[in-house]
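Letters go in sequence order (proteins before strands), and every chain restarts at 1.
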Amino acid sequence: MEEFAALLDALVYTTSRNRKLALIADYLRAAPDPDRGWALAGLTGGLDFPAVKSSTIRGLMMERVDPVLWTLSRDFVGDTAETASLLWPEPKTQAPGQGLTLTEVVERLSALTRTTAPIELPALFDRMDAKGRYALIKLATGGMRVGVSARLAKTAFAQAFGVAVEEVEEYWHALTAPYDALFRWAAQGEPAPDLANVPRFRPFMLAHPLEETQVDLEDYAAEWKWDGIRVQLVRAGGETRVYSRSGDDISATFPEFLDALPVEGVLDGELLVRGSAQGGKAGGAASFNALQQRLGRKTVSGKMLKEYPAFIRLYDVLLLEGTDWREAPWKSRRATLEGLMPRLPESHFDLSQLVEAEDFAALAAIRETARDEAIEGLMLKHRTSPYLAGRKVGLWYKWKRDPLLVDCVVMYAQRGSGKRSSFYSDYTFGCWDGDPDAGAELLPVGKAYSGFTDAELKKLDKFVRQNTVGRFGPVREVKRELVFEVAFDSVHTSKRHKSGLAMRFPRIHRIRWDKPAHEADRVEGLRALIKD
Amino acid sequence: MTAPFSWIRPAPQGIYVAPADIWVDPSRPVPRALVTHGHADHARGGHGESIATPATLAIMQLRYNTREGARPAEYGETVSLGGGVTATFLPAGHVLGSAQILLEHAGERVIITGDYKRVPDPTCAPFAVTPCDIFITEATFGLPVFTHPPIGEEIGKLLKVLQENADGCILVGAYALGKAQRVIAELRAAGLHDTIWLHGAMEAMCRLYEEHGVALGDLRLVSDAPSKEALRGHIVIAPPSALNDRWSRRLPDPITAMASGWMRVRARARQRGVELPLVISDHADWNELTATITQVNPQETWITHGREEALLRWCQLNQRRARALALVGYEDEDD
């Protein structure tokens, strides 16, 4: 466990990607099995101990530290695990030689229940120093936040044992921690795991924003960028799974697809709910807001299935009936997909249509209509591009519609977490519920914590500190003075907010230090933009 | 008979002593000022008269070019301010020349600590615990997460990394007044006799420390180095602002370290891109703050700047009368 704690600590303070890779690779080569497998699971977010939540840790601390001092400390540090590791009372007697291995720690954490956790965890904490406690809490509650993505950890694994990271990705989603088969293959030279009949996730191909680039439509095909969730549908060994963009198995949330695919293969598409908000009747898809009713549910009622029927609009084919199409150019994959469509039930699938245009300028004009059609924008795909994991420059572009803009007044601010701890970086802003000069009030319409530079953040932080008029725990209420020009993708009705609406992807576009608050926009203006 | 302690008044720009018409550490120019120490948030130019320790006055002259109206007061010396008020300067253990100021009027005793710490520091006189009625304390590190480890541990960490990286150099960010000299003096005490290389902004203050009897050994300016190669295997000390600046590009494969109490919190180190955090502070940590209040045992504790809410809470939990003063202009980011 000490080695793993030291690794986490070193990773925290390392900014160079290469040095991070080297640190992880060194650890993976040196650590014994199955410790290193558990470490890899920890770094890639593959561990879950349901009995230990952030609130469990908080509860333990509240019994040992004054609650007010705990809250002030947590608020300043910006990380529960770190605060707890620092505030845990050092045990009076350090029992030497009682170091636990990472595997022993994982076993103990797995055995915990909600009842035993508050008794067993303190005993574990007492056997460690602040560094060890930090690692333990991170491991137990998930979310390392040490600047290591799952991809980086896998790359380090590949580097440690001289294998290809693409191959690691291939096996990854079919294996579970501590990844015995993966280590036997990479570290000990045994044959690769046989996963032909496992319905496993393949990494998605992703797109770069187009920005100022112009492309030749001879080389690129255009499709609408539908506003649903990107999914991968996999059928192998007679079983079907639906995976989200992050590779989470969401089959239980969308059971209607489990018997819908008559062929073995891997398909890429957009999951949508039937309706006419996006692209009208021809578009056939409801707004994202409607789809949201279906997301995140562990079980789905018959009523839900009927009221919000989901379907998948297919973009691509990765594998089909034993053939791996990923190396093939996009146009061949497209032809394969078109050929497959008649075999798929129309009730559950349709094909993402290509958007035809004379030239780039004509396509730009078509994109201008995306706003009215309530579609997110366009996708541009190189006609010869293979299907590659991740974002590769020049192959796929997303060309989103221009955002909407609204002037809002900052109302509340909260400190950020992690890198931004101690800075007031999360802002709640509002619009006027009528004429501000006739006494109208501000109603909160959204929250944002991005879109500004570090220098602007410093200035905003100072503004918040100097203009605080009220405090509610960690939240500061500020003088209604500062105007943000907020950019957002779309706005929808919402019962959760007093203003009755919710923005999608709000971010701060410009800080209007110059604009008087009473000139900010009104809620009614935002309401007029709703397309549900 | 006036109300108790009505002669001393916290105002947003400092603490005002009415009968003597004098301010303590005011944040803007005033006719008469008492100055606890030379850091920019406590000392500044432009006052008609500045009363401070000789070392603090020397620092003020160097940094803010204050020549007029300097009135020295040695540690232990009692100065009559007029209006029946006297001031006694007592060591605060923060940086060279730093003082607590004991104010007395009509039998009432008030101590203003300025910034202070309780652990030994080879570059300045140790904090003197002195009884008083009102104790006006700082609270820069007034949160229980802040406990500063013994400096020997942190210096040991620095020397170990230095040894392991003979091909590069260690760039240590340290505040130019106090922290830099303390780190150098502790490195010398730990047996490092090699040249320590300095950013230009450090030079004058190091010389001032040496003139005040703090030996710092062989110091040279990075700008005088014959080549980049000469810096390999050495420690370079620069102000924190230079860490991520273009200036540091002239260094051979530097590992970025920072000596600050804030390094206790990982996110603070990451915000500055620090690879080797050294938890070295010239301020009292949580335990020092609470122990000092307990030892001084005043009737009332006033808290000037920092995490005043938490220290206030501690006072409340320990049945101590306390209040937070809303002073502006005190910055604590540079420790």
Side-chain angles (χ1 to χ4, degrees), chain A residues 8-16 19-20 23 61 64-90 129-131 134 138 144-147 415-423 425 454 457-458 461-462 465-466 468 471 473-474, chain B residues 12 139-149 153 157 161 165 168 243-244 253-258 261-279 285-287 289-290 305-318 326 328-333:
Chain A
L8 281 194
D9 216 48
L11 287 172
V12 165
Y13 297 119
T14 305
T15 43
S16 141
R19 238 184 267 178
K20 279 183 191 178
L23 281 168
M61 295 311 296
R64 288 161 177 84
V65 180
D66 173 61
V68 175
L69 291 179
W70 161 261
T71 305
L72 289 169
S73 300
R74 163 66 185 78
D75 185 26
F76 183 87
V77 174
D79 183 302
T80 298
E82 181 164 12
T83 313
S85 74
L86 293 173
L87 285 185
W88 187 258
E90 288 295 336
D129 60 7
K131 231 185 244 185
Y134 174 77
K138 285 282 173 190
M144 294 283 172
R145 289 234 297 258
V146 291
R415 280 171 167 160
S417 290
K419 234 178 135 174
R420 282 173 169 177
S421 75
S422 87
F423 282 108
S425 62
D454 285 357
L457 174 59
K458 274 195 181 158
D461 181 70
K462 201 166 162 203
R465 288 169 198 272
Q466 288 177 349
T468 301
R471 294 179 193 221
Chain B
T140 305
F141 290 103
L143 276 177
V145 288
F146 289 111
T147 51
H148 309 323
E153 280 181 19
K157 216 168 25 169
V161 174
N165 292 275
L243 289 187
N244 307 315
D253 306 318
I255 290 178
T256 306
M258 169 117 165
W262 301 117
M263 294 298 107
R264 177 85 166 147
V265 174
R266 287 175 174 83
R268 287 302 190 102
R270 290 176 72 171
Q271 280 162 7
R272 286 200 177 256
V274 170
E275 297 159 293
L276 175 62
L278 302 169
V279 187
D285 69 7
W286 175 257
N287 294 328
L289 288 170
T290 54
H305 60 290
R307 309 315 112 200
E308 57 267 18
E309 288 158 308
L311 199 56
L312 210 55
R313 173 68 177 175
W314 178 87
C315 288
Q316 188 194 342
L317 291 173
N318 288 274
V328 295
Y330 286 138
E331 286 288 339
D332 49 38
E333 296 296 315

Can you name the nearest heavy-atom pair linking [X] to [Y], along with the distance?
X        : Y        : result
A:Leu69  : B:Pro144 : CB-CG, 4.1 Å
B:Val145 : A:Ser73  : CG1-CB, 3.9 Å
B:Arg266 : A:Lys131 : NH2-CG, 4.1 Å
A:Tyr13  : B:Met263 : OH-O, 4.3 Å

Task: Most chain A-contacting option - heavy-atom pairs closer than 4.5 Å, from B:Gly273, B:Ala310, B:Ala269 - done: B:Ala310
Open item on the list: If we define contacts as heavy-atom pairs under 4.5 Å, which of B:Glu309, B:Glu275, B:Arg313 has the most with chain A?
Closed with: B:Arg313
Atom pair [atom1] ([X]) and [atom2] ([Y]), whose distance is rounded to the nearest 0.5 Å:
X       : Y        : atom1 : atom2 : value
A:Glu90 : B:Thr147 : CD    : OG1   : 8.0 Å
A:Leu87 : B:Trp286 : CG    : CH2   : 9.5 Å
A:Phe76 : B:Trp262 : CZ    : CH2   : 4.5 Å

Task: B:Arg264 side chain near A:Leu86 side chain, heavy-atom distance below 4.5 Å - done: yes
Open item on the list: Taking side chain as everything from C-beta outward and backbone as N, CA, C, O, which of these in B:Val274 sits under 4.5 Å from a heavy atom of chain A? Side chain, backbone, both or neither.
Closed with: backbone
